Amino acid sequence: MGLCGSNTGALSDEDSAIGLALVDVATISLLHEQALRESTLVNDQLQRALNSRVLIEQAKAVIAQMNGVDMNEAFARLARYARPDHLNLREPSGKIVEGSLAL
């Protein structure tokens, strides 16, 4: 941060204190904005993870119901389907829930 004055020479003690206060306020504002951005990012990641988990649970229920198997076996079938193509479980789960994929 640069300070400019109408007079040449060193800043007065009062001007230095005001400049330091402005720097402190700017620093606090930047730190607050960074913390808010990081918090928003974490919240978004957690929401996506929760949405994925709900979708996977729904897909497991569909698989279990359609095949007469328990939830553990339904998850195993979902995982076996996804593993060879390195899919995350969300992709096939969405297709199962919408009815375009049956396991």
Side-chain angles (χ1 to χ4, degrees):
M1 173 181 227
L3 296 175
C4 300
S6 58
N7 301 325
T8 57
L11 294 173
S12 69
D13 288 343
E14 182 181 356
D15 289 342
S16 292
I18 291 171
L20 185 57
L22 290 172
V23 168
D24 289 344
V25 169
T27 301
I28 291 168
S29 296
L30 290 172
L31 291 173
H32 178 71
E33 190 275 332
Q34 180 182 7
L36 181 62
R37 191 171 355 118
E38 289 172 1
S39 174
T40 300
L41 178 64
V42 169
N43 284 340
D44 290 346
Q45 290 171 339
L46 289 172
Q47 187 62 53
R48 280 193 303 276
L50 179 60
N51 292 345
S52 292
R53 188 67 199 166
V54 167
L55 188 61
I56 292 166
E57 290 299 319
Q58 289 173 338
K60 285 171 41 181
V62 170
I63 294 167
Q65 177 66 34
M66 297 197 61
N67 296 286
V69 298
D70 65 20
M71 295 294 272
N72 289 333
E73 175 58 25
F75 180 77
R77 289 181 183 197
L78 181 59
R80 279 194 303 269
Y81 177 84
R83 191 173 298 123
D85 294 326
H86 305 289
L87 301 173
N88 69 38
L89 296 178
R90 182 176 173 78
E91 293 177 44
S93 293
K95 291 178 180 179
I96 290 167
V97 170
E98 71 184 18
S100 64
L101 174 65
L103 298 183

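These numbers were taken from a predicted model, which means no experiment stands behind them. For the single chain, residues carry numbers from 1 onward in sequence order.
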Applying salt bridge (Lys or Arg N to Asp or Glu O under 4.0 Å), which residue pairs with at least one partner in [range] are found, sequence neighbours left out?
{"range": "residues 30-52", "answer": "Glu33-Arg37"}
{"range": "residues 62-90", "answer": "Glu73-Arg77, Glu73-Arg80"}
{"range": "residues 12-31", "answer": "none"}

Within 6.0 Å of CD in Gln45, more than 12 heavy atoms from elsewhere: yes

Other residues, nucleotides, ligands: >12 heavy atoms within 6.0 Å of Met66 CE: no

Check: Leu87 and Tyr81 side chains under 4.5 Å, non-hydrogen atoms: yes

Side-chain heavy-atom pair Ile96, Leu78 within 4.5 angstrom cut-off: yes

Pairwise distance [atom1]([X]) to [atom2]([Y]) - rounded to 0.5 angstrom:
{"X": "Ile56", "Y": "Phe75", "atom1": "CD1", "atom2": "CZ", "value": "7.0 Å"}
{"X": "His32", "Y": "Ser39", "atom1": "NE2", "atom2": "OG", "value": "10.0 Å"}
{"X": "Leu22", "Y": "Thr27", "atom1": "CG", "atom2": "OG1", "value": "10.5 Å"}

Inter- and intrachain pairs under side chain to side chain donor-acceptor pair (under 3.5 Å), touching residues 54-63, at least two apart: Arg53-Glu57, Glu57-Lys60

Side chain to side chain donor-acceptor pair (under 3.5 Å) contacts in which one or both residues fall within residues 91-101, not counting sequence neighbours: Glu98-Ser100

Hydrophobic cluster (4.5 angstrom, side-chain heavy atoms) - remaining members for Val25: none

Hphob cluster co-occupancy, Val97 + Ile63, side-chain heavy atoms under 4.5 angstrom: no

Between Asn51 and Gln47: side-chain donor-acceptor atoms closer than 3.5 Å: yes

Ala82 versus Leu89, closest heavy-atom pair with distance: CB-CD2, 3.7 Å

